[in-house]
Protein chains: 2
Amino acid sequence: MNIGEVAARAGLPAKTIRYYEDIGLIKPPRDTNGYRAFGEVELHKLAFLARARALGFRIEDCRDLLRLYEDEARSSAEVRAIAQQHLDRIAKKIADLEEMRNTLSDLVDACAGDQRPDCPILASLSKYPV
Amino acid sequence: MNIGEVAARAGLPAKTIRYYEDIGLIKPPRDTNGYRAFGEVELHKLAFLARARALGFRIEDCRDLLRLYEDEARSSAEVRAIAQQHLDRIAKKIADLEEMRNTLSDLVDACAGDQRPDCPILASLSKYPV
DNA sequence: CTTGACCTTCCAGTCACTGGAATCCCTATA
DNA sequence: TATAGGGATTCCAGTGACTGGAAGGTCAAG
């Protein structure tokens, strides 16, 4: 299987797959012509990576998850710890974004949005508590 | 006012202020010794930028907001449009993150987190619909 | 005169790709 | 057999918004 086919099947751009090889996430063998030759195992790993990335896991987490996945002697606690940490980070991000959204939403609501220059958004940004 | 003081008062690292000068957001004059010499106007701008960035506005949005802030002939509609776009992006991000959080949260709940290798998190990542 | 805190510039690294250039390989058709 | 195309390869550079660090200049206090 060449990179184009495996990319289509794993749902990842070919560029990304080359990048994953660069950083050592996968190690596909090469054909005599120098093309990467992907088997089902490689494809499976790439699909795994695509799903982990879609859940927002960082690359280094993906590396660890992949390692654990291939380690028969893993404990589910290790996997769970990675996921829990990631969950915490996501919750924090959501909280931060929600605060931004609330503030911004109030400001946008308060702004007339017409041709006059007066604007509570700018007023809020420029209020000067220094 | 040197960069250290203005940094403390605006709540931005000195590095960031130098970076903002690099990309043309501010243009503080220089003392004879080559030090940046900040006045109240510069400080005000930096505080503005710090607040805009804290609301998650991108640098290019900040540049536009600053320009509008200084433009007496602005219309509040322009400002509102920028904020509304940003709000939309934030809402999208929140929605994406919430979807991740829900999925992850289910998986973490389903995982025993003990020393056994069986793990629904890995199972979900490796299920193979290709 | 020295010390230490501050300032300067410049370069490299972050994260996870992504775009593009230059070149090579394979297959099919005229 | 020539060629055209589509796909593969590598390598370099850029993204956003900083951040760390090195190497060196400046200033005020003791």
Side-chain angles (χ1 to χ4, degrees), chain A residues 1-38 42-43 45-46 48-66 85-86 89-90 92-93 96-97 100, chain B residues 1-38 42-43 45-46 48-66 82 85-86 89-90 93 96-97 100:
Chain A
M1 203 176 349
N2 283 347
I3 201 168
E5 190 183 343
V6 85
R9 288 180 62 188
L12 287 172
K15 277 267 188 194
T16 299
I17 296 175
R18 291 195 193 98
Y19 172 68
Y20 285 172
E21 186 187 14
D22 254 22
I23 62 173
L25 280 182
I26 52 164
K27 301 197 193 348
R30 300 296 181 119
D31 270 346
T32 48
N33 59 12
Y35 287 17
R36 290 168 185 83
F38 296 87
E42 242 69 34
L43 169 55
K45 276 196 207 180
L46 286 168
F48 183 102
L49 290 169
R51 267 188 297 272
R53 290 290 299 136
L55 282 179
F57 281 105
R58 302 177 304 189
I59 289 285
E60 288 316 303
D61 286 345
C62 292
R63 196 189 299 275
D64 292 340
L65 289 170
L66 208 49
Q85 270 194 2
H86 181 43
R89 280 194 302 267
I90 288 181
K92 171 83 168 59
K93 261 193 201 168
D96 290 350
L97 286 171
M100 288 181 195
Chain B
M1 204 176 346
N2 282 347
I3 200 169
E5 190 183 342
V6 85
R9 289 179 63 187
L12 286 172
K15 277 270 187 191
T16 299
I17 296 175
R18 290 194 193 99
Y19 171 69
Y20 286 173
E21 186 187 16
D22 253 22
I23 62 173
L25 279 183
I26 51 163
K27 300 198 193 349
R30 300 296 180 119
D31 272 346
T32 48
N33 57 13
Y35 288 15
R36 291 168 184 82
F38 295 88
E42 243 69 34
L43 170 55
K45 276 197 205 178
L46 286 168
F48 183 102
L49 289 169
R51 269 189 296 271
R53 289 292 297 135
L55 283 178
F57 282 105
R58 301 177 302 190
I59 290 285
E60 288 316 304
D61 285 346
C62 292
R63 195 189 299 275
D64 292 341
L65 289 170
L66 208 50
I82 293 173
Q85 269 193 3
H86 181 43
R89 280 193 304 266
I90 286 180
K93 261 192 202 168
D96 290 351
L97 286 171
M100 288 181 196

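Naming: A, B, ... by sequence-line order, numbering from 1 per chain. Please read all numbers here as calculations on a predicted model, not as lab measurements.
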Problem set entry | With sequence neighbours excluded, residues passing side chain to side chain contact (heavy atoms under 4.5 Å, CB included) with B/Q85 | B/R89
Exercise. Of all nucleotides in DNA chain D with an atom under 4.0 Å from a non-hydrogen atom of chain A, which is the first and which the last going 5' to 3'?
Worked result: D/dG7 to D/dC11
For this session: With sequence neighbours left out, write down each residue that passes ring-ring contact (aromatic ring centres under 6.0 Å, His included) with B/F48, or none if nothing qualifies.
Result: B/Y69
Exercise. In whole angstroms, how far is the C1' atom of C/dC17 from the CG atom of A/L49?
Worked result: 14 Å
Problem set entry | Nucleic acid contacts of residues 13-20 of chain B, taken as heavy-atom distances under 4.0 Å to DNA chain D | B/P13, B/K15, B/T16, B/Y19, B/Y20
Exercise. Which residues within residues 52-65 of chain A lie with some heavy atom under 4.0 Å of an atom in DNA chain D?
Worked result: none
Problem set entry | Ionic contact status for B/D61 with B/R58, cut-off 4.0 Å | yes
For this session: List for me each residue that meets side-chain hydrogen bond (donor to acceptor under 3.5 Å, both in side chains) alongside A/N2, sequence neighbours excluded, and say none if there are none.
Result: none
Problem set entry | Close residues, residues 24-34 of chain A, relative to DNA chain C [heavy-atom separation under 4.0 Å] | A/N33
Exercise. How far apart are the closest heavy atoms of B/P28 and B/A37, and which atoms are they?
Worked result: CB-O, 4.3 Å
For this session: List for me each residue that meets side chain to side chain contact (heavy atoms under 4.5 Å, CB included) alongside A/M1, sequence neighbours excluded, and say none if there are none.
Result: A/E5, A/V6, A/R9, A/F38, A/E40, A/L43
Seminar exercise, completed: For B/D64, the salt bridge (Lys or Arg N to Asp or Glu O under 4.0 Å) test, sequence neighbours excluded, returns B/R67
For this session: Could you grab the distance from atom CD of A/E42 to atom OH of A/Y20, nearest 0.5 Å is fine?
Result: 14.5 Å
Seminar exercise, completed: The reported gap from CG in B/L12 to CZ in B/R18 (rounded to nearest 0.5 angstrom) is 12.5 Å
For this session: Begin with the C-alpha distance, continue with both residues' side-chain angles, and end with the deciding distance and a verdict on salt bridge (charged side-chain N to carboxylate O under 4.0 Å, His left out) for B/E21 and B/K15.
Result: CA-CA 10 Å; B/E21 186 187 16; B/K15 277 270 187 191; over 6 Å; no
Exercise. Excluding sequence neighbours, so at least two apart, what forms ring-ring contact (aromatic ring centres under 6.0 Å, His included) with A/F57?
Worked result: A/H86
Problem set entry | Residues which pass salt bridge (Lys or Arg N to Asp or Glu O under 4.0 Å) with A/R53, listed by chain and number, not counting sequence neighbours | none
For this session: Work out how much the helix from C/dC1-D/dG30 to C/dA30-D/dT1 bends between its end axes, five pairs an end, to the nearest 10 degrees.
Result: 30°
Exercise. If you measure from CD1 on A/I23 to CD1 on A/I59, what distance do you get to the nearest 0.5 Å?
Worked result: 4.5 Å
Exercise. OG1 of A/T16 to CG of A/D22: how many Å apart, nearest 0.5 Å?
Worked result: 11.5 Å
Exercise. Is there a side-chain polar atom (N or O) of B/R36 under 4.0 Å from OP1 or OP2 of C/dT9?
Worked result: yes
